[in-house]
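For the numbers below, each heavy atom of this structure counts, side chains included, while hydrogens, waters and symmetry mates do not.
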Amino acid sequence: MEEIRERLELTEDEAFALLALAMTSEMALDKDSEKAVKKLVDYCKRHQRHHSCEPARDLELIGAG
């Protein structure tokens with residue numbers, strides 16, 4: 001039997017919004033959350049100039065760890 005996996009898709013605005021939320025949250029991240037945030041950082045760094053909204057002035061897109 002073949003398993004069909006549904007993929008999550010985000011717009012660039014959604015990706016930047018989630019990254020900003022994760023980076024400004026005071027909650028500790030678990031291992032899966034850290035991995036997801038690193039993926040968002042990599043994506044947002046590659047697409048930073050193409051983003052339709054201006055990033056927060058005090059938010060830097062830097063890699064963690």
Side-chain angles (χ1 to χ4, degrees):
M1 181 162 61
E2 205 174 302
E3 181 181 336
I4 299 174
R5 294 185 62 182
E6 185 177 341
R7 294 184 55 90
L8 174 64
E9 293 185 20
L10 300 172
T11 65
E12 287 184 17
D13 287 340
E14 291 168 335
F16 274 84
L18 280 175
L19 181 58
L21 180 65
M23 292 178 73
T24 58
S25 173
E26 294 183 15
M27 287 181 51
L29 300 178
D30 61 19
K31 196 172 205 171
D32 289 333
S33 299
E34 283 186 29
K35 185 177 176 182
V37 169
K38 286 179 183 180
K39 285 182 180 182
L40 277 173
V41 167
D42 289 342
Y43 175 86
C44 291
K45 285 170 81 173
R46 287 191 311 269
H47 294 86
Q48 189 171 8
R49 291 192 176 105
H50 306 293
H51 183 55
S52 62
C53 296
E54 194 171 316
R57 291 180 185 181
D58 59 346
L59 182 64
E60 289 185 35
L61 301 179
I62 57 173

Return the CZ to CG distance between R7 and L10, rounded to the nearest 0.5 Å. 11.0 Å

Hydrophobic clusters here meaning ILVMFWY residues chained together by side-chain heavy-atom distances under 4.5 Å, can you tell me if L18 and L29 are in one? yes

Check E9 against E14 and note the closest heavy-atom contact, atom names and distance. O-OE1, 4.2 Å

Minimum heavy-atom distance A22-V37, with the two atoms named: CB-CG2, 3.7 Å

If I take atom CG from residue L19 and atom OG1 from residue T24, how far apart are they, to the nearest 0.5 angstrom? 9.0 Å

Can you name the residues that form a side chain to side chain donor-acceptor pair (under 3.5 Å) with D32, not counting sequence neighbours? none

